[in-house]
S.K.: 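Here it is, the structure in full.
Residue numbering restarts at 1 for every chain, and letters A, B, ... go by the order of the sequence lines.
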There are 2 protein chains.
Amino acid sequence: MDVRTICLGILTRGDATGYEIKKLFEEDGYAFFVEASFGSIYPALNRLTEEGLVSVREEAQTKRPDRKVYSITPAGRQAFLASLLEPLSEDRYRSPFLFAMLFCDLLPQGSVERVLDDYIAHAERKLTQLSEGNPETNGKGERFVRDFGRTMYVAMLQYLREHRSEFKAEALKAAE
Amino acid sequence: MDVRTICLGILTRGDATGYEIKKLFEEDGYAFFVEASFGSIYPALNRLTEEGLVSVREEAQTKRPDRKVYSITPAGRQAFLASLLEPLSEDRYRSPFLFAMLFCDLLPQGSVERVLDDYIAHAERKLTQLSEGNPETNGKGERFVRDFGRTMYVAMLQYLREHRSEFKAEALKAAE
DNA sequence: GTTTGCATGTAAACGGTTACATGATTGG
DNA sequence: CCAATCATGTAACCGTTTACATGCAAAC
């Protein structure tokens, strides 16, 4: 999903500035499956405006850049719908962690344990973040996606905890 | 993980050509967490050769481009180890599917069901692919990674099957 | 007879990140 | 007093994908 489409999607939920669009996808934990930086959001919004898929109204502010509040236009709504209906590109999961684990036999004593523990801690934080999202204002899609994420992190953590002991120094020595 | 490091990693397991490197990560189902195309592999191998991290021996072939078989050098091994030991960058999971599901309320009747069913079918294929990998020649890391992938796909499929009925046309009508 | 597999490579295009520039306000 | 928040934007850089070029052999 390119940044253009992400922006359109967010704007179907209500008007927003570029700054707010970024924040919306950081908080609550949608960040786990989609992402965009300022450097791509602002140019995307400009292009969408040129193409008539969104409209802008500028709100003057003293001593700050003017807020540019974007709204999706009917044409934008249509384009967004169309992009959801055409074949979705595949999910991609890129994991430096799994890649490193593939070579655990090459790593020095203890460092695999450290990598694993760091990763577990990280997954725990992500899971907490996902579970903390306000559960009331969310619609059907939001609930489905959040629970999907939670399910995946729970399964991941269970697997990691179950297999952690295999990589302890003692276990490795015993296997020699 | 950049293509350079991926190539180095594969070469720690044995010599290979660029062509073989690509294949190694397509088959067996390592593809679910790491990927690279020819357009990035060949230049990466050339650069690694320049830097002395790998060496090449050319095997002449009639009526075909010469096979270029790459081996990792001691310097390459060292560089690879070092890259595994420095802080790993975060996993990234990008999901057009979840993004689309977020907006299921905007989609026409039946199309959410279709998206879900396609995704389930796709996940089933991936799981089968992962389970079919030859279980004997694999080392500790390979086993860990493969079972990690299996665990995740199993959890995903269970979640999707459990929630599928919520998106059936009848269920949506009943909720009106 | 067409597709798949083997085998390497280049160049343009793409999408995106990172770093930079600017600068007042609010909260700790 | 310093960090974070609000707020927009540009430009250089990066790694990668896609399309192209070449071409035989074996399998279906």
S.K.: Using only atom types and a distance under 3.5 Å, with no angle test, would you say the side chain of A:Thr73 pairs donor to acceptor with the backbone of A:Gly52?
M.R.: yes

S.K.: Between C1' on C:dT18 and CD1 on A:Ile41, what's the gap in Å once rounded to a whole number?
M.R.: 14 Å

S.K.: What is the separation between atom CZ on B:Arg47 and atom P on C:dT8, rounded to the nearest whole Å?
M.R.: 20 Å

S.K.: Nearest of C:dG5, D:dG9, D:dC6 to any side-chain atom of A:Tyr70?
M.R.: D:dG9

S.K.: Considering only side-chain heavy atoms of B:Phe38, which listed nucleotide, C:dT8, D:dT16, D:dG9, is closest?
M.R.: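 Given the options C:dT8, D:dT16, D:dG9, the side chain of B:Phe38 is closest to C:dT8.
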
S.K.: A:Asn46 side chain: which of C:dT18, D:dG9, D:dC6 is closest?
M.R.: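 Nearest to the side chain of A:Asn46 among the choices is D:dG9.
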
S.K.: Verify the contact: side-chain N or O of B:Lys23 to OP1 or OP2 of C:dG5, cut-off strictly under 4.0 Å; return yes or no.
M.R.: no

S.K.: Between C:dA7, C:dT17, D:dC6, which nucleotide gets closest to the side-chain atoms of A:Tyr19?
M.R.: D:dC6

S.K.: Among the nucleotides C:dT10, C:dG9, D:dG9, which one has an atom lying closest to any side-chain atom of B:Lys68?
M.R.: C:dG9

S.K.: At less than 4.0 Å, is any side-chain N or O atom of B:Ser37 found next to OP1 or OP2 of D:dT17? Yes or no.
M.R.: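 Checking D:dT17 against B:Ser37, a side-chain N or O does come within under 4.0 Å of OP1 or OP2.
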
S.K.: Is there a side-chain contact (heavy atoms from CB on, under 4.5 Å) between A:Leu106 and B:Phe80 once you walk through the steps?
M.R.: CA-CA 10 Å; A:Leu106 300 179; B:Phe80 179 63; 4.0 Å; yes

S.K.: What is the distance, rounded to the nearest whole Å, between atom CG of B:Asp66 and atom P of D:dC24?
M.R.: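 Going from B:Asp66 (CG) to D:dC24 (P), I get 15 Å.
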
S.K.: Rounding to an integer number of Å, can you tell me how far A:Leu45 CG sits from D:dA7 C1'?
M.R.: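 Whole-Å distance recorded here is 13 Å.
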
S.K.: Which word best sums up how the rings of B:Phe99 and B:Phe103 line up, parallel for under 30°, tilted for 30 to 60°, or perpendicular for over 60°?
M.R.: perpendicular

S.K.: Consider the side chain of B:Val3, meaning its heavy atoms from C-beta on, and name the nucleotide among D:dA7, C:dT8, D:dT16 that approaches it most closely.
M.R.: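 Ranking D:dA7, C:dT8, D:dT16 by closest atom to the B:Val3 side chain puts D:dT16 first.
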
S.K.: Just how far, in rounded Å, is P of D:dT16 from CZ of B:Arg4?
M.R.: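 Taking CZ of B:Arg4 and P of D:dT16, I get 10 Å after rounding.
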
S.K.: What is the distance from CG of A:Leu48 to P of C:dG15, rounded to the nearest Å?
M.R.: 13 Å

S.K.: Counting just side-chain N and O atoms, does A:Ser40 come under 4.0 Å of either OP1 or OP2 of C:dG15?
M.R.: no

S.K.: Separation of B:Arg94 atom CZ from C:dT17 atom P, in whole Å?
M.R.: 8 Å

S.K.: Only one of B:Arg13, B:Lys140, B:Arg143 forms a salt bridge (charged side-chain N to carboxylate O under 4.0 Å, His left out) with A:Asp105, so which one is it?
M.R.: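 Result for salt bridge (charged side-chain N to carboxylate O under 4.0 Å, His left out) with A:Asp105: B:Arg13.
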
S.K.: Counting side-chain heavy atoms from C-beta on, which of D:dT10, D:dT16, C:dC6 comes nearest to B:Asp2?
M.R.: D:dT16

S.K.: Is it true that, when you exclude B:Gln78 itself, more than 12 heavy atoms of the residues, nucleotides or ligands shown sit nearer than 6.0 Å to its CD?
M.R.: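 For B:Gln78, atom CD is not crowded (no more than 12 foreign heavy atoms under 6.0 Å).
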
S.K.: When you check the phosphate oxygens OP1 and OP2 of C:dT8, does a side-chain N or O of B:Thr17 lie under 4.0 Å from one of them?
M.R.: yes

S.K.: With DNA chain D as reference, determine whether A:Arg67 or A:Gly39 sits nearer its 5' end, using the nearest nucleotide of each.
M.R.: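 The residue closer to the strand's 5' end, by nearest nucleotide, is A:Arg67.
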
S.K.: Output the rounded distance in Å from OH (B:Tyr42) to P (D:dT17).
M.R.: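 Between P of D:dT17 and OH of B:Tyr42: 14 Å.
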
